Number of protein chains: 2
Amino acid sequence: MAGIRDVARLAGVSTATVTRALRDEPSVAPKTKERVRAAALRLDYVPSAAARALSQGHSTLLGLFVPDIVNPFYAEVAQGMEDRAAEARFHCVIASSHLNRERERQLLTSLQDGTLAGLAATTVGTDEAFTQALSAMPGPLVLVDRRPRGLKAPLVRTDNRKVTREAIRGLFEMGHTRIAMISGPQDFDTACQRLSGFRMAHRDAGVRVTEQLVRHGHLGETGGHQAMTELLAMDPRPTAVFCFNNLVTVGALKAIREAGLAIPADISLLAFDDMSLFPLVDPPITAIAQPAYEMGRAAAEILLRQLAGETGIDDRVLPATLIPRASLGPPR
Amino acid sequence: MAGIRDVARLAGVSTATVTRALRDEPSVAPKTKERVRAAALRLDYVPSAAARALSQGHSTLLGLFVPDIVNPFYAEVAQGMEDRAAEARFHCVIASSHLNRERERQLLTSLQDGTLAGLAATTVGTDEAFTQALSAMPGPLVLVDRRPRGLKAPLVRTDNRKVTREAIRGLFEMGHTRIAMISGPQDFDTACQRLSGFRMAHRDAGVRVTEQLVRHGHLGETGGHQAMTELLAMDPRPTAVFCFNNLVTVGALKAIREAGLAIPADISLLAFDDMSLFPLVDPPITAIAQPAYEMGRAAAEILLRQLAGETGIDDRVLPATLIPRASLGPPR
DNA sequence: TTGTAAGCGTTATCAA
DNA sequence: TTGATAACGCTTACAA
């Protein structure tokens with residue numbers, strides 16, 4: 001493996017000149033640059049990332065912390081982040097924790113030991129220790145999707161409240177009056193915002209929210225399934241249900257099927273977060289799609305700007321879109 | 001940020017002793033270790049990854065090269081790889097290329113510049129330049145899913161032929177005789193193996209393969225859609241179709257719907273690769289599931305073993321499983 | 001425009 | 001069992 005010295009020797013210059021030439025600094029004479037480039041090429045010279053990181057004080061690695069990379073929402077965030085990072089010749093380290101504490105700790109250590117130049121995190125509100133450690137961390141930080149209480153860092157998110165309010169309004173316009181919501185933990189700000197939109201739509205429609213129809217604290221397929229089962233056991237049943245994320249939707253859908261009910265005839269189903277197969281499900285699921293890919297890009301962008309020295313960066317709010325399909329219909 | 005010198009000073013030892021103590025080497029006196037640990041803890045000392053990498057000659061970063069992290073198959077591979085890597089305190093850099101050449105080049109550079117200690121790759125056969133560059137690379141390499149021609153490296157894969165053969169046999173047992181296959185590019189060894197299983201099942205059943213029913217070179221949803229449309233235009237139509245991967249299946253499914261045909265009454269559909277929503281599709285799709293997570297773990301495992309100096313590592317063949325659902329039925 | 005030389009923070013070698 | 005010290009390979013003042 002050729003080093004910078006070999007290149008310097010072959011080109012007949014000093015190592016300092018090699019560095020400058022290869023970075024295309026204007027202070028180097030064109031002829032010199034040419035010679036250095038030729039030498040580097042001939043020796044297959046690739047500068048050592050470790051040496052560079054050590055010398056410059058930071059790496060070109062961005063970290064992305066997500067609960068579950070298999071969840072397509074996060075996968076798309078990852079793809080967006082990675083694409084944007086690659087444009088700046090940065091790489092992404094994706095850590096998918098499954099809420100694994102040990103893994104969280106490892107990631108934080110990596111931020112401290114300089115493996116990572118910056119971190120984008122989708123944190124779970126419950127984990128106070130992690131949150132606190134995060135805020136004490138050196139280096140750029142950006143939050144994606146949600147902000148744990150007390151964490152001061154730019155956030156990339158969707159306008160949850162607005163889009164939910166509009167979507168639920170559509171339900172009222174169809175004639176629904178008993179609309180249920182399967183919401184997440186109350187310390188998820190996303191859940192709160194979506195719930196808030198849900199309530200506002202009720203106010204808009206002059207309908208009081210039936211609190212028993214709002215189920216808090218549900219997560220994942222299991223949570224969605226359980227909440228839906230409970231909702232279906234009520235009398236009278238809700239005529240529509242709004243699920244606060246993709247996995248919860250899947251669980252709810254299964255529960256509805258098991259109960260032998262028809263969508264949307266017996267009950268309408270509205271999902272937050274789209275999935276690629278939702279159009280093929282029976283029936284195709286109407287969903288509020290978040291611009292996950294763009295959110296990932298925006299996160300990388302913000303990290304890069306922070307690394308460039310910019311401070312006081314604002315939150316970035318991206319629009320979500322209602323994608324009408326067949327799971328919404330007027331109540332019987 | 002405290003460095004090793006600060007710790008050494010506080011503990012009253014040399015930097016060499018600090019290193020040894022923190023790595024728990026037996027040559028350090030217990031009392032000394034204790035003192036060093038206390039000092040490190042008090043100063044919040046975290047060794048610099050860059051300095052360590054420079055000094056040791058390699059990082060603790062594993063690279064995973066996949067075509068598309070949003071495809072759940074690869075996402076699961078990534079999760080498996082990452083979990084296994086984390087156990088050894090390694091991180092994973094995921095590069096999702098979308099067949100982007102520039103991105104491929106970047107990743108190779110990272111392998112050369114020492115950013116990555118090893119690389120797991122799911123390469124696309126078509127890209128000879130990349131393949132060749134890969135084989136010329138320093139450092140451990142492991143192939144996942146498929147092996148491009150001429151690349152000598154351990155491979156983690158599924159027993160494609162066997163599982164396909166058995167699944168297609170099931171189709172014959174149901175009474176099908178005109179079974180189509182939407183296969184991938186002929187330079188994908190996975191496509192070849194699955195096709196081979198398809199042919200073997202025909203031989204087992206004493207049925208000659210109708211070559212017009214075998215469509216080569218299709219990839220992605222678009223490819224699946226197009227191939228299926230062509231197949232449905234044939235007269236007589238096939239009574240069953242086998243799709244060689246998940247995206248192709250989705251495309252084929254859409255084409256069947258557009259043609260207004262019923263599954264499985266008009267045509268049976270068998271997928272290679274499962275997806276989490278396949279059970280919810282109309283009808284639920286019968287699929288051959290690959291142990292993607294385990295494949296990712298195995299890839300990391302092999303990389304780690306190579307880093308530990310092991311050579312001559314064999315391919316790892318994992319079993320796939322047929323998951324019966326409702327998209328298969330006897331022909332009319 | 002180019003060169004010299006001092007870091008950067010570990011680890012590893014050799015002595016003690 | 002511990003300590004000095006020389007790498008590791010690049011970047012960057014500072015000089016020339």
Side-chain angles (χ1 to χ4, degrees), chain A residues 1-37 39-40 43-61 89 109-117 138-139 307, chain B residues 1-37 39-40 43-61 89 109-110 112-117 138-139:
Chain A
M1 284 277 281
I4 197 172
R5 289 192 243 268
D6 304 300
V7 179
R9 202 175 307 128
L10 182 58
V13 296
S14 71
T15 59
T17 300
V18 172
T19 301
R20 292 191 281 243
L22 294 180
R23 302 183 132 208
D24 206 19
E25 291 183 14
S27 68
V28 179
K31 286 187 303 187
T32 314
K33 266 185 197 166
E34 202 41 59
R35 236 177 329 131
V36 172
R37 282 197 191 121
L43 297 175
D44 273 328
Y45 169 67
V46 178
S48 149
R52 177 174 286 166
L54 179 58
S55 186
Q56 298 193 140
H58 70 83
S59 72
T60 54
L61 242 37
R89 323 219 78 207
T109 303
S110 303
L111 231 195
Q112 292 180 82
D113 73 13
T115 295
L116 267 28
L307 282 169
Chain B
M1 285 278 280
I4 197 172
R5 291 191 240 268
D6 304 301
V7 179
R9 202 174 308 129
L10 182 58
V13 296
S14 70
T15 60
T17 300
V18 173
T19 300
R20 293 190 281 244
L22 294 180
R23 303 180 132 207
D24 206 19
E25 291 184 14
S27 69
V28 179
K31 286 187 305 187
T32 313
K33 266 184 198 166
E34 203 39 62
R35 234 176 331 130
V36 172
R37 281 195 191 122
L43 297 174
D44 273 329
Y45 168 68
V46 179
S48 149
R52 177 174 286 165
L54 179 58
S55 187
Q56 297 193 139
H58 71 83
S59 73
T60 54
L61 241 38
R89 322 221 78 206
T109 303
S110 302
Q112 292 180 82
D113 74 12
T115 296
L116 267 27

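For the numbers below, each heavy atom of this structure counts, side chains included, while hydrogens, waters and symmetry mates do not. Values in this document were obtained by computation on a predicted structure and should not be read as measured data.
The shortest heavy-atom contact between B/Asp6 and B/Gly3 is OD2-N, 2.6 Å.
Comparing B/Ser55 and B/Ser27 against DNA chain D, the residue whose closest nucleotide sits nearer the 5' end is B/Ser27. Projected onto DNA chain C by closest heavy-atom contact, B/Thr15 and A/Arg35 fall at different nucleotides, the more 5' of which corresponds to A/Arg35. Take the nearest nucleotide of DNA chain C for B/Tyr45 and for B/Arg20: the residue whose nucleotide is more 5' is B/Tyr45.
Remark: A/Arg23 is in phosphate contact with D/dT12, judged by side-chain N or O atoms under 4.0 Å from OP1 or OP2.
Taking OG of B/Ser59 as the start and CG of A/Leu61 as the end, the distance is 8.5 Å to the nearest 0.5 Å. The distance from the CG atom of B/Leu43 to the CG atom of B/Leu10 is 5.0 Å, given to the nearest 0.5 Å. Taken to the nearest 0.5 Å, the CZ atom of A/Arg9 stands 12.0 Å off from the CD1 atom of A/Ile4.
For the pair B/Glu25 CD and D/dT2 C1', the interatomic distance rounds to 12 Å; values are reported in whole Å. To the nearest angstrom, C1' of D/dA4 lies 13 Å from CZ of B/Arg5. What separates CZ of B/Arg9 from P of D/dG3 is a distance of 14 Å, to the nearest Å. Between the P atom of C/dT2 and the CD atom of A/Glu34 lies a distance of 13 Å, rounded to the nearest Å. Residue B/Gln112 contributes atom CD, which lies 17 Å from atom C1' of D/dC10 at whole-angstrom precision. For the pair A/Lys31 NZ and C/dT1 C1', the interatomic distance rounds to 11 Å; values are reported in whole Å. If you take CG of A/Leu22 and C1' of D/dT11, they are 13 Å apart, rounded to a whole angstrom.
Nearest nucleotide to the A/Arg52 side chain, out of D/dT12, D/dC10, C/dT2: D/dC10. Closest contact between the side chain of A/Ile4 and the listed nucleotides D/dT11, C/dC8, D/dT2 involves D/dT11. Distances from the side chain of A/Thr32 to the nucleotides C/dT1, C/dT11, D/dC10 place C/dT1 closest. The B/Thr17 side chain lies nearest to D/dT2 when the options are D/dT2, C/dT11, D/dG9. Picking from C/dG9, D/dT2, C/dT2 the nucleotide with the shortest atom distance to the side chain of B/Leu54 gives C/dG9.
Within 4.0 Å (heavy atoms only), B/Ala16 reaches at least one base atom of the nucleic acid. Among the atoms of the strands shown, none is found under 4.0 Å from any heavy atom of A/Val7. No engagement by A/Gly114 is indicated, since no non-hydrogen atom pair under 4.0 Å with the nucleic acid exists. Across all strands, B/Val13 comes closer than 4.0 Å only to sugar-phosphate atoms, never to a base (heavy-atom distances). Backbone-only engagement by B/Ser48 is indicated by non-hydrogen atom pairs under 4.0 Å involving sugar-phosphate atoms exclusively.
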Subject >> A/Arg35/A/Val13 under side chain to side chain contact (heavy atoms under 4.5 Å, CB included): CA gap, chis, key distance, verdict >> reply: CA-CA 9 Å; A/Arg35 236 177 329 131; A/Val13 296; 4.0 Å; yes

Subject >> side chain to side chain contact (heavy atoms under 4.5 Å, CB included) between A/Thr17 and A/Lys33, intermediate numbers included >> reply: CA-CA 9 Å; A/Thr17 300; A/Lys33 266 185 197 166; over 6 Å; no

